[in-house]
Amino acid sequence: MKATTLKEIYKNSLFSSFLDKVSGFAEDSFIFKRRNYFKNGKYDYPEILKGSRIFYPLQKLAQRISLKENHRIFNFLSMALFFFIFLFTPLKSWLKGAYPMGDLYTFIVPIALVIIAVLLFSRGKDKKEWLARFTIVDLGISFLIFSLLLSAFVSFLVYGQTKNLLYEGFIWFSYFAIFYVGRLMFNTKKALITFLIFNLVLVFTLSLIGIGQYFFGVATPQWIEGFETIRTRAFSTLDNPIILSGYINIFFCIALGVFVGLKKIKYRLLMLPLFSVILISLGLTFSRGGWIGLAVGLLFFFFVYSPKYILALIPVSIVSIIMVPQEYFYRFWAMFDSRYSDISAVSGRTWTLNNVFHILPEHLFLGVGPGMYGGEVAFKTSPSIVYMEGIQGGAVPMQNTDNQFLQVLIQQGLVGILAFLFFVGAIFYTGVVIYQKLDDRFLKMLALGITSSAVAFFVQGIFADVLQFPQMSLVMFGFLGILISLPKTQKN
């Protein structure tokens, strides 16, 4: 007689029946029908201008000058350097003063990415057909580049501060460059899996360091309000807890996609310690924006994958709330404390919101320029003259905007924020299209994991200037490039 499996017991249970009925009711609704919109699309890849004559001369030129044979040494060197960037990026705070140039990301990373691009071009394996694949995400990047250049040009004419514009430009160039390098890097599923294992081991290690900081009582008063009871916020090797929380969010969603995509139970069991450690480390960052970002990212993941799992998360959430120490709740309740409101009005988010809208009317359409307000570049790299236009005439109790969308608005104006929103929407749209079209289960779930990590990333951007932190932004843009390449990886 065949033994009854746990899966069969679950399927026959009342709980499973309840979830199926509720899920079926939900999927009949208008919202959940929209979730299946992409399944019957007429194309297999989210391209526009496919085979356009605009790119034909460039494609022919690439085919002429590229090497005819596959040179493995170029492929190996490019991949090694790509791995090195993902290893090097989280160690920034440990390397201050150890390199000759002032900012690691402003100079070294863009140069490394250009070298990788040359090596990839030199490997000569494909026919450079990617040059003709202009997706909606590329269109979003084109809009962003146009907005950045136009805003920078006008800002130079008005203020004449070139250092801020150049530094911010190099940072944006790094993000776009690693996006396209990630898009070209992996031709095979095996190489991609190796890269995933490398990064998951890395985030596991960094999370352990963060947990150790909390339990050894490393004092972090610079990130704690005076009236709060906590004394330590985990930050690992990164510059602050916000960066660690964003870094963890990216890999938690990707790891969840990998977990669901795996077929063998033994591999899934091996991943359980990873989830436990990085979740604990995320909790110890006490980053409210990070927690909210992950929650929304997970809701998106299960909404697209199967809505009934959202209902299954409810009892898990209730149990978690009961078991979580009180200090975690206080991080949220502190926002409603009158002392927090007073600090925010004088030197926090409320003050910076008022300051931005005080300056913005004079620069409504094109903004004050990239790197000219908000973030590391505007205040630390080269103090921007724009702050003199503020409410307090140059006195800046808070230099950041603490909102990525607000920062884009003040730096690039209405033109920039519209381009940025189009870019973000294009990422979500393309991610869902790729997820629906892929047949390989592992790559399919990886696509959903990366898209969910982008959701978590940009939701956290409502509470932080996420693009001012290359330690997590470089990682995010690199994986977005990998997301676009997944149909090619499946084909190979």
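Here, residue 1 is the first one in the sequence, and each next residue gets the next number. Being a predicted model, the structure only gives us computed values, none of them experimental. No hydrogens, no waters, no symmetry mates; every other heavy atom, side chains included, goes into these values.
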*Look at the side chain of Q161 and the backbone N and O of I385, then say whether any donor-acceptor pair between them is shorter than 3.5 Å.*
yes

*asked:* If only side-chain N and O atoms count, and only distance matters, is there a donor-acceptor pair under 3.5 Å linking Y180 with D138?
replied: yes

*Quick one: are the ring centres of F179 and F477 less than 6.0 Å apart?*
no

*Determine yes or no for a side-chain-to-main-chain donor-acceptor pair under 3.5 angstrom, with Q411 supplying the side chain and G367 the backbone.*
no

_Backbone N/O of G390 and side chain of N355: donor-acceptor pair under 3.5 Å_ = no

*Could you tell me whether a side-chain N or O of S151 sits under 3.5 Å from a main-chain N or O of L366, the two making a donor and an acceptor?*
yes

_T285 (side chain) donor-acceptor with L282 (main chain) under 3.5 angstrom_ = yes

*Candidate list L150, L144, L149, test side-chain contact (heavy atoms from CB on, under 4.5 Å), partner F146, passing option*: L150

*Angle class for the F84/F88 ring planes (parallel below 30°, perpendicular above 60°, tilted otherwise)?*
parallel

*Is it true that atom CZ of F275 has more than 12 heavy atoms of other residues, nucleotides or ligands lying nearer than 6.0 Å?*
yes

*For the atom pair CG (L486) and NZ (K444), what is the distance rounded to the nearest 0.5 Å?*
12.0 Å

*asked:* Aromatic contact between F195 and F82, with the criterion being ring centroids under 6.0 Å apart: yes or no?
replied: yes

_Residue from T89, D239, T237 passing side-chain hydrogen bond (donor to acceptor under 3.5 Å, both in side chains) with Q471_ = D239

*Ignoring hydrogens and angles, state whether a donor on the side chain of E168 or Q468 is under 3.5 Å from an acceptor on the partner side chain.*
yes

*Side-chain donor-acceptor contact under 3.5 Å, N164 with Y159*: no

*Looking at CD1 of I417 and CD1 of I410, how far apart are the two atoms once the value is rounded to the nearest 0.5 Å?*
11.5 Å

